[in-house]
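Notes follow the structure.
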Amino acid sequence: MLLEDMPPRAWIATTLQWIRTIALATLFLALGQVLDATLAQQESSGALLLAGVAGILAVTCAGVAAAVPPRLRAVEEQRWRGSGIRAALGRDPAQAAPTGAAGHAATGGGMPGGASGRPSTAGGRPSAGGRPSAAGGRPGTGEAELLTGGVERIAEYRAEFLGPALAAFTAPALVLLLLGIFVDPVIAVVLLVLVLLVPVLVRFFLSRFRGPTAAYRRLAGQATAKFQEVLRSLGGLVLLGAEDAGRRSVAEAAAALRVQAVALLKRSQLMILVNDALFSLVMITAAVGLALWRFDAGMITVGGFLAVLLLATLLYEPIDKLGRTFYVAMAGRTQQGLFTQTLTTPEASASSRTPPTTTSPAVPAADAPAAGKSTETPTGQPDEAAFGPGRGSAELLRLEDLGVERGGRGVLRGVTLSVPRGAVLAVVGPSGAGKSTLAAVLQGLLPAASGQLLLEGHPADPAALQQAAVTVPQKPFIFSGTVAENLRLARPEASEDQLWKVLAQARLDAEIAAKPHGLDTQVGEDGGSLSGGQIRRLAIARALLSGAKLLILDEPTADLDRRAERLVDESLRSLAGDHTLIIIAHRLATTRWAEKVLVLEAGETAALGSPDELLAQTGYYAQATAGEGEDR
């Protein structure tokens with residue numbers, strides 16, 4: 001199996017090691033002859049010349065052999081990393097292996113793009129709800145670990161372990177052959193028995209270490225992926241108030257990795273201990289004992305005794321090197337198994353596939369004031385009467401002459417608005433009107449430059465707003481893990497009944513219940529196993545579970561197909577009255593059921609009224625709605 005993994009260029013280093021071993025053995029045998037000739041007062045110039053030539057050859061081969069692996073390692077890194085990147089960017093998302101499954105890969109070998117994975121020729125398909133699957137089109141976070149540290153370990157294993165390992169298994173045979181021919185066959189046969197224990201011992205440790213090493217590499221990939229995931233979604237975690245949950249998930253992944261690393265280190269040290277005890281102590285002691293026995297019996301000379309002792313070091317040297325690089329072998333071989341299972345080179349070109357984008361929730365970009373205003377005029381008053389009678393005693397938010405500056409210029413000016421508890425307010429306007437800026441202020445992410453922002457009648461600071469409001473961004477952040485784990489980001493102590501309740505409110509309970517694992521369904525990286533509509537409704541359910549007083553929804557139906565849009569719309573309508581909703585919308589059809597619509601233009605309030613009132617006018621709302629074909 002080692003020969004299957006071995007690159008062709010690694011044979012160069014192996015051959016040089018063989019020549020070096022033979023040269024050193026010749027040197028030691030020649031030194032024994034020199035000793036015998038000296039004791040017998042005979043001519044030894046021929047043996048000295050042979051020893052010199054053998055020594056020079058050994059040094060030369062050792063130097064060249066040492067220079068080969070680093071060069072080969074660079075070549076292997078380039079080969080495997082290039083193959084993996086091509087595979088990750090060009091495969092069919094529907095057939096991509098999930099990152100989490102990589103940990104169960106066989107540890108067998110394989111070349112980049114080899115037969116251990118089926119190449120894909122199909123083009124990328126968008127998943128249900130009009131959202132491209134997150135599994136394809138770009139490397140996942142676990143795959144990023146394979147393409148960086150994983151490839152380095154594979155290259156180290158193939159370039160710096162396999163050649164010396166083969167030499168370690170075969171060089172002793174050359175030494176024992178020369179020992180049997182030129183010194184004593186009995187000593188050679190006995191030492192051969194000890195040498196034959198090497199592959200048996202290595203095979204035993206390979207079988208014992210394969211599982212723990214794979215587990216360690218899997219946990220390392222998961223820990224890296226979790227850290228990158230939390231970092232990428234940090235803005236969303238802050239909006240949800242789940243920073244502690246994010247820190248806890250990273251800490252748990254790191255703790256699991258630390259436990260597995262300590263266990264693996266113990267096994268590695270055991271391997272070194274056994275190697276040193278068996279092949280250092282036993283073999284050297286056996287060689288000395290055998291040499292003394294055969295010398296006492298008159299079967300070998302003093303020079304032969306010296307040659308046996310020197311040759312014994314050649315038996316131990318490659319075995320010692322093998323034992324000390326054993327962990328390199330296990331790490332690289334395991335990573336190679338993960339690589340060949342998770343990333344394979346597709347046969348077809350992927351130039352027609354567009355990678356999906358993932359946007360981390362963050363502070364919205366500043367909306368530049370748009371030039372010009374419509375003829376629309378405010379129809380509702382900025383107080384409780386705007387939302388109908390009976391709401392004034394339950395005011396949640398009040399904006400009084402609110403102004404916001406960004407980059408030294410005003411992006412919101414004179415916004416006055418009252419939002420009762422349980423109301424549904426849609427905020428619309430052309431691009432750059434100030435919608436995202438207003439949402440950022442209500443989330444506590446931007447300070448007001450002028451005016452007041454009151455929460456339940458009291459001036460609201462950013463901390464109070466962040467605690468009171470939860471945002472469902474246009475591209476919600478979904479962690480790899482289960483449905484339940486994603487929901488419990490909002491409330492870690494939530495029971496299963498509470499989880500099902502919010503899923504029902506978000507109109508997602510039936511779809512989750514239909515899955516084989518229910519709440520324990522793995523959502524995949526970036527929610528890759530869910531449709532776009534399911535992701536949006538899962539984010540709504542998570543926001544509901546937080547118990548926030550105010551839900552801010554940024555483009556809740558953007559990029560969804562009609563069916564997914566309808567389901568999201570139904571889930572939001574079911575929340576009206578029980579929850580206070582502020583919906584930032586470009587697609588105005590989603591605002592027709594709102595109680596009031598705030599139209600912003602150039603950073604100022606252009607109109608405030610019910611959808612029917614605004615449709616009766618000639619301003620932005622009526623014109624934009626008619627342009628969508630929704631005016632009826």
Steps toward side chain to side chain contact (heavy atoms under 4.5 Å, CB included) verdict (Ile540, Val568): CA-CA 9 Å; Ile540 292 172; Val568 172; 4.1 Å; yes
Stepwise side chain to side chain contact (heavy atoms under 4.5 Å, CB included) test for Leu396 and Leu455: CA-CA 6 Å; Leu396 179 65; Leu455 178 64; 4.0 Å; yes
Step-by-step side chain to side chain contact (heavy atoms under 4.5 Å, CB included) determination, Val427 to Leu600: CA-CA 7 Å; Val427 181; Leu600 292 177; 3.9 Å; yes
Full working for side chain to side chain contact (heavy atoms under 4.5 Å, CB included) between Thr416 and Leu399: CA-CA 5 Å; Thr416 300; Leu399 286 64; 5.9 Å; no
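The two residues Gly609 and Leu614 come nearest to each other via the heavy atoms O-CD1, 4.1 Å.
The CD1 atom of Ile583 sits 13.0 Å away from atom CG of Leu598, with the distance rounded to the nearest 0.5 Å. Rounding to the nearest 0.5 Å places CG of Leu538 at 6.5 Å from CG of Leu530. Once rounded to the nearest 0.5 Å, the distance linking CG of Leu465 with CG of Leu550 reads 8.5 Å. Here the straight-line distance linking atom NZ of Lys475 with atom CG of Asp554 works out to 11.0 Å at 0.5 Å rounding. To the nearest 0.5 Å, atom CG of residue Leu397 and atom OG1 of residue Thr580 are 8.0 Å apart. One finds the CD1 atom of Ile535 at 12.5 Å from the CZ atom of Phe477 (value rounded to the nearest 0.5 Å).
For Glu456, the CD atom counts as densely surrounded, since its 6.0 Å shell holds more than 12 non-hydrogen atoms of other residues, nucleotides or ligands. Within a 6.0 Å sphere centred on CD of Gln467, heavy atoms belonging to other residues, nucleotides or ligands number 12 at most.
Ion pairing between Lys501 and Asp497 fails under the 4.0 Å rule for side-chain N and carboxylate O.
Applying the side-chain contact (heavy atoms from CB on, under 4.5 Å) criterion to Gln522, with sequence neighbours excluded, gives Thr482. Applying the side chain to side chain donor-acceptor pair (under 3.5 Å) rule to Glu570 yields the partners Arg566; only residues at least two apart in sequence or on another chain are considered.
Under a 3.5 Å cut-off, the side chain of Arg536 and the backbone N or O of Pro556 do form a donor-acceptor pair. Distance alone, capped at 3.5 Å, places no donor-acceptor pair between the Arg488 side chain and the Ala484 backbone.
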